[in-house]
Amino acid sequence: MTGIEHVEIAAGRWQLRPPVTSEAADALAMLVDPLTAQWYPADVTDQDSAAAWCLRGADWSTGTHATFSVLDATSGRLVGNVSLWGVDLAALTASVGYRTAPWARGQGVAPAAVDAVTGWAFGALGLERVELPHRVANPASCRVAQKCGYLLEGVLRQEYRDADGVRWDCHLHARLAADPPVSIDPRAGAA
Amino acid sequence: MSADTAVLEAGGLQLRGWSAGDAAGVLDMSADPAARQWSSSMRRIASLQDAGEWVAARCRSETEWAVCDAATGELVGRIGLFGMAQGPAFAEIGYSVAAGWRRRGVARRAVAAVTAYGFQTLGLARISLVHAVANAGSCAVATGAGYVFEGVERSSLDHGDGIRYDAHRHARLATDPFPTDGGSRVNAPLYAELESDRLLLRPPTEDDAGATRRLLADDDIRRWNPGPDDTSEAALRTWCAGQGDWSNGSHATFWVFDRSAGDLLGTVSLFKIDHAQADAEVGYRVASWARGGGIATEAMGVLADWAFPALELVRVELFHAVANPASCRVAEKVGFRHEGTLRQSYVYGDGSRHDEHLHARLAGDRVPVGQRA
């Protein structure tokens with residue numbers, strides 16, 4: 001299996017690069033935040049498991065994912081995480097997921113990060129289709145999808161089962177390499 | 001006359017102590033060349049009297065079991081824990097499966113049940129499993145049951161045939177984590193035969209290779225659901241056997257036959273089975289000579305009706321290319337609702353990236369009636 005080479009992406013106010021363990025404390029604070037954990041249960045409970053989570057994110061050697069920490073380009077502080085996962089370099093498809101640190105919400109981090117990763121996935125990686133699934137009950141995620149030009153393709157009934165056994169309807173959004181470009185308003189969400 | 005041997009249940013199997021009435025079944029088992037190859041005690045059986053003595057020796061054991069089909073009582077194998085004299089906390093597990101019952105997960109289920117009994121009831125600390133390196137089937141059973149490979153023992157195994165075999169030693173400790181997928185896989189079906197008015201569905205075997213080649217040699221099937229690239233006799237035999245081997249728990253694949261004439265009519269498969277998410281996908285093929293008769297609808301209906309309860313599924317998905325409207329009709333008739341249209345989502349056998357319909361049926365969905373006789 002061929003790995004994916006590490007890359008850094010500049011996205012205006014934000015900088016994307018593979019996670020590092022020195023940001024484990026901020027990663028822990030982001031992941032145990034109830035709003036993050038509600039939609040992204042990461043099984044991270046302390047500094048050690050957060051560091052392990054960072055290491056997993058930085059290991060792109062399987063070729064199945066490329067996970068980025070999103071940083072404030074000025075301060076260098078962690079503001080979020082975006083992951084291209086389920087990468088299939090034969091079928092040229094993948095999925096994308098994202099989460100924003102509680103101290104950085106409302107500043108358009110997620111749309112900027114998803115847009116940057118999407119551009120890289122279609123450009124340098126050569127993918128043709130990226131899916132963005134999210135639970136219908138999470139409309140904030142739906143707005144990110146819409147801003148980034150991921151069309152809603154279907155509503156999947158009870159598609160996702162969470163750790164408590166509760167099943168959730170999901171939206172399946174997707175963007176194609178050939179889709180018309182979108183413009184992420186840098187002020188989006190700032191109001 | 002039997003020792004007080006615990007009765008163990010294991011997914012359609014019953015493990016019970018031996019009794020004198022088992023002699024005829026043991027004589028049958030001992031006639032199988034594979035059983036004779038790997039068991040010196042089986043090789044010594046030449047008559048019903050020999051078999052009776054073999055059984056009598058085991059009636060006294062509390063840790064040797066006859067493995068039976070729970071439904072019919074038919075003897076399908078044997079299993080035991082041995083060597084406890086070396087120390088109360090250690091044992092070695094040994095087993096064999098009757099000809100005709102192999103590749104159905106009998107060994108894996110029996111080993112799982114006896115392993116659990118050994119650790120939980122007998123309080124064993126370590127169970128080892130030793131098999132000839134040449135016996136690859138046992139290696140898969142060992143690994144699947146969480147027995148960690150520890151090493152190759154050179155010329156260590158004497159099966160009584162004058163050859164000393166290199167052996168693999170596997171072992172499992174009471175403290176080992178259960179195989180991560182074992183908990184959900186143990187109860188996954190490893191074999192099933194399903195029937196409807198016109199159809200018989202069963203897992204394929206390598207002997208289905210000839211009919212399978214004719215089925216696959218069709219433009220529609222090559223385009224929408226192709227088989228393997230290599231269509232040589234040998235490759236198709238291997239492929240069919242693999243399609244009929246459900247032991248990794250990820251799929252349940254059936255070949256569909258005319259119940260009366262026995263002809264191959266198509267295939268249906270439940271695949272990408274995800275026990276944690278309780279979901280799976282379905283796919284199918286209809287032979288060119290069987291189209292237009294509602295075969296796919298009937299077979300998919302039988303499969304879905306069986307799969308939801310048998311695998312405790314909540315959601316089953318069906319993807320088809322928008323350019324293949326026949327599949328859309330089958331999906332709707334079998335109760336798979338259209339949930340979305342995925343753009344350029346899959347490269348089909350024609351090499352083109354196609355838009356697809358995603359259909360899904362939930363366990364609680366009302367299913368259209370009348371599509372199945």
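All values derive from a computational prediction rather than experimental measurement. Just so it is clear: chains get the letters A, B, ... in the order the sequence lines come, proteins before strands, and each one is counted from 1.
With chain B as partner, the option from A:Gly154, A:Ala178, A:Ala90, A:Gly165 having the largest number of non-hydrogen pairs under 4.5 angstrom is A:Gly154. The candidate from B:Asp279, B:Val314, B:Asp274 with the greatest count of non-hydrogen atom pairs under 4.5 Å with chain A is B:Val314. Options A:Thr93, A:Leu151, A:Leu172 differ in how many heavy-atom pairs under 4.5 Å they form with chain B, and the most are formed by A:Leu151.
For A:Leu92, the parts lying under 4.5 angstrom from a heavy atom of chain B are both the backbone and the side chain. Both the backbone and the side chain of A:Arg157 come within less than 4.5 Å of a heavy atom in chain B. Neither the backbone nor the side chain of A:Asp162 comes within less than 4.5 Å of any heavy atom of chain B. Only the side chain of A:Glu131 comes within contact range of chain B, with heavy atoms under 4.5 Å apart. For A:Leu156, the parts lying under 4.5 angstrom from a heavy atom of chain B are both the backbone and the side chain.
Screening B:Arg315, B:Glu339, B:Gln277 against A:Glu159 for a side chain to side chain contact (heavy atoms under 4.5 Å, CB included) leaves a single residue, B:Arg315. A side chain to side chain contact (heavy atoms under 4.5 Å, CB included) with A:Glu153 is found for one member of B:Asp355, B:Leu342, B:Leu358 and no other, namely B:Leu342.
Shown here is B:Tyr346, whose OH atom has no more than 12 heavy atoms of other residues, nucleotides or ligands within 6.0 Å. Atom CD of B:Glu312 is surrounded by 12 or fewer heavy atoms from other residues, nucleotides or ligands within 6.0 Å.
Counting heavy atoms from C-beta on, the side chains of A:Leu176 and B:Arg353 never come closer than 4.5 Å.
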